[in-house]
Structure formats: structure tokens, C-alpha cells
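Here the structure is laid out as C-alpha cells; the discussion comes afterwards.
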Amino acid sequence: NPLALIAVGGYGRGELAPFSDIDIMFFAKDKSDSEKVEAILYKLWDTGMAVGHYFRTPEDCLIEARKDLRTHTSLLEARFIAGDRQIFSLFQEKVYSEIAFRKQKNFVSGKLKEIMKRHSDYGDSVYLLEPNVKEGQGGLRDIHAVLWLAKVTLKLSDIEQLTRII
């Protein structure tokens with residue numbers, strides 16, 4: 001059965017921070033090739049890589065994206081790595097188009113609530129003596145949130161389109 005290896009999250013976005021794990025998703029029409037996935041994972045682990053992973057079908061992706069805002073967001077950053085390009089096209093058709101371009105209000109309101117909570121947890125001022133540059137107000141997560149919200153609300157397939165609009 002065809003299988004695609006897809007980068008998600010920060011790895012999918014192409015922005016790995018030092019000591020970050022590499023988030024990948026094995027994607028297929030069904031889960032009949034779990035032995036192949038295990039073999040690949042063992043090779044990655046043997047190299048000492050910290051790998052965050054999951055093996056999902058189109059239905060699994062949609063179910064998980066509806067249940068969890070972080071999963072939904074990480075799937076917005078999906079990038080083809082290896083495997084069958086037609087299976088990745090299936091991901092783009094069935095999963096990406098659904099999570100990026102439908103039920104936008106739920107995503108936007110959830111993301112805005114997440115931002116407000118993060119700001120209250122990590123300091124809601126840009127004038128802190130020791131700001132958290134990733135999670136604090138004006139930090140990397142705020143930049144990412146603007147990009148994710150622009151992707152969904154402006155129906156952009158990639159961030160480069162945003163730079164052309166601006």
C-alpha cells in the first residue's frame with residue numbers, strides 16, 4: 001500500500017529550534033502497512049533522533065483535528081518529505097482542504113482563546129525583564145498564530161502567498 005511521510009508542526013514549517021523533536025506523520029489510505037512504519041521508526045530512533053510521530057488515515061486526521069486544536073494547527077504545517085506523492089495529494093484534498101478552509105470560525109475562536117491563555121500564563125507584557133521569547137506576548141508563537149490565522153481566514157495554501165498580498 002502507498003504511504004507518505006509528512007513533516008508536521010515546526011518541522012513541517014521548516015523551523016526547528018535547537019533540541020526540538022522532529023514531528024512526522026505517516027499517512028496512508030489504511031493502516032495495513034504498520035510493519036513498514038515501525039521499521040522506519042526503529043531506524044530513526046537508532047540514529048538517536050527525537051521523533052514525535054503518528055500513523056494516520058484521512059479519517060483519523062479529521063477526527064483528531066476536530067478534537068484537538070494543537071493537532072489541527074500542526075496539520076496546517078504539513079509538508080511532503082518522502083513516499084508516494086499521490087497519497088500526499090490525497091492528504092491535501094481530503095484533510096488539508098477540510099481543516100484549512102471549512103469551519104474557520106471554530107479554529108479562529110479556539111486560536112484566539114489559546115493566545116489569551118498563553119499571554120496570561122507567560123506574562124501579558126512586552127516589558128518583562130525576562131520574557132519568554134517563544135510563548136510570551138510578541139514572541140514566536142504570536143508570529144506563528146498570525147500566520148496560521150491568515151492561512152485559514154484568507155484561504156492561503158502557503159505563507160509565501162501572504163507575503164505577496166502584503
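All values below come from the heavy atoms of this structure, side chains included, with hydrogens, waters and symmetry mates left out.
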Same cluster (ILVMFWY, side-chain, under 4.5 Å), [X] and [Y]:
X      : Y      : value
Val108 : Val146 : no
Leu16  : Leu44  : yes
Leu69  : Tyr96  : yes
Ile40  : Met49  : yes

Please enumerate all residues that pass side chain to side chain donor-acceptor pair (under 3.5 Å) together with [X], with sequence neighbours excluded.
X      : value
Arg56  : none
Glu114 : Lys111
Lys36  : Asp33
Thr57  : Glu59, Asp60

Gap between atom [atom2] of [Y] and atom [atom1] of [X] - 0.5 Å precision:
X      : Y      : atom1 : atom2 : result
Leu41  : Asp46  : CG    : CG    : 10.5 Å
Ile81  : Phe27  : CD1   : CZ    : 15.0 Å
Ser120 : Ile115 : OG    : CD1   : 12.0 Å
Lys31  : Leu3   : NZ    : CG    : 12.0 Å
Leu149 : Leu154 : CG    : CG    : 9.5 Å
Trp148 : Thr73  : CH2   : OG1   : 5.5 Å

What's the shortest heavy-atom distance between [X] and [Y], and which atoms?
X      : Y      : answer
Pro2   : Ala28  : O-CB, 3.7 Å
Leu76  : Ala100 : CD2-CB, 3.7 Å
Arg141 : Glu135 : CG-OE1, 3.4 Å
Leu75  : Ala65  : CD1-CB, 4.2 Å

field: ring-ring contact (aromatic ring centres under 6.0 Å, His included) partners of residues 56-75, not counting sequence neighbours, each pair once
entry: His72-Phe107

task: Any ring-ring contact (aromatic ring centres under 6.0 Å, His included) involving residues 42-71? Give me the pairs, sequence neighbours left out, ordered by first then second residue.
output: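 Found Tyr42-Trp45, Trp45-His53.
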
task: Verify side chain to side chain donor-acceptor pair (under 3.5 Å) between His144 and Glu15, making sure each step is shown before the conclusion.
output: CA-CA 11 Å; His144 295 149; Glu15 296 179 3; 2.9 Å; yes

field: Partners meeting ring pair (Phe, Tyr, Trp, His ring centres under 6.0 Å) with Tyr11 (sequence neighbours left out)
entry: none

query: Less than 4.5 Å apart, any side-chain heavy atom of Ile6 and any of Phe88?
result: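 Side-chain contact under 4.5 Å: yes.
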
field: Side chains of Ile87 and Lys29 in contact at under 4.5 Å (non-hydrogen atoms)
entry: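 The answer is yes, as the side chains (C-beta and beyond) meet within the 4.5 Å cut-off.
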
message: Show every side chain to side chain donor-acceptor pair (under 3.5 Å) that has at least one partner inside residues 79-95, sequence neighbours left out.
response: none

field: Name of the residue among Lys134, Gln137, Arg118 meeting side chain to side chain donor-acceptor pair (under 3.5 Å) with Asp142
entry: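 Exactly one option meets the side chain to side chain donor-acceptor pair (under 3.5 Å) with Asp142, and it is Arg118.
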
query: salt bridge (Lys or Arg N to Asp or Glu O under 4.0 Å) with Asp68: which residues, sequence neighbours excluded?
result: none

message: Tell me whether Tyr122 at atom OH has more than 12 heavy atoms from other residues, nucleotides or ligands lying less than 6.0 Å away.
response: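 No, because the 6.0 Å sphere around OH of Tyr122 holds 12 heavy atoms or fewer from other groups.
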
- prompt: In the hydrophobic clustering that connects Ile, Leu, Val, Met, Phe, Trp and Tyr at side-chain heavy-atom distances below 4.5 Å, which members other than Met116 occupy its cluster, ordered by chain and number?
  reply: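 Joined to Met116, directly or through intermediates: none.
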
What side-chain donor-acceptor pairs closer than 3.5 Å can you find for residues 18-26, not counting sequence neighbours?
none

- request: Give the intermediate values and the outcome of side-chain contact (heavy atoms from CB on, under 4.5 Å) for residues Arg66 and Asn106.
  value: CA-CA 9 Å; Arg66 287 183 194 118; Asn106 294 344; over 6 Å; no

task: For Lys67, check side-chain contact (heavy atoms from CB on, under 4.5 Å) against everything at least two apart and list the hits.
output: Ile63, Glu64

task: Indicate yes or no for a side-chain donor-acceptor contact from Glu77 to the backbone of Val8 under 3.5 Å, with no hydrogens or angles considered.
output: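 No: the side chain of Glu77 does not pair with the backbone of Val8.
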
- prompt: How far apart are the C-alpha atoms of Ile99 and Leu62, what are their side-chain angles, what is the distance that settles it, and do they pass the side-chain contact (heavy atoms from CB on, under 4.5 Å) test?
  reply: CA-CA 7 Å; Ile99 64 170; Leu62 294 173; 4.0 Å; yes

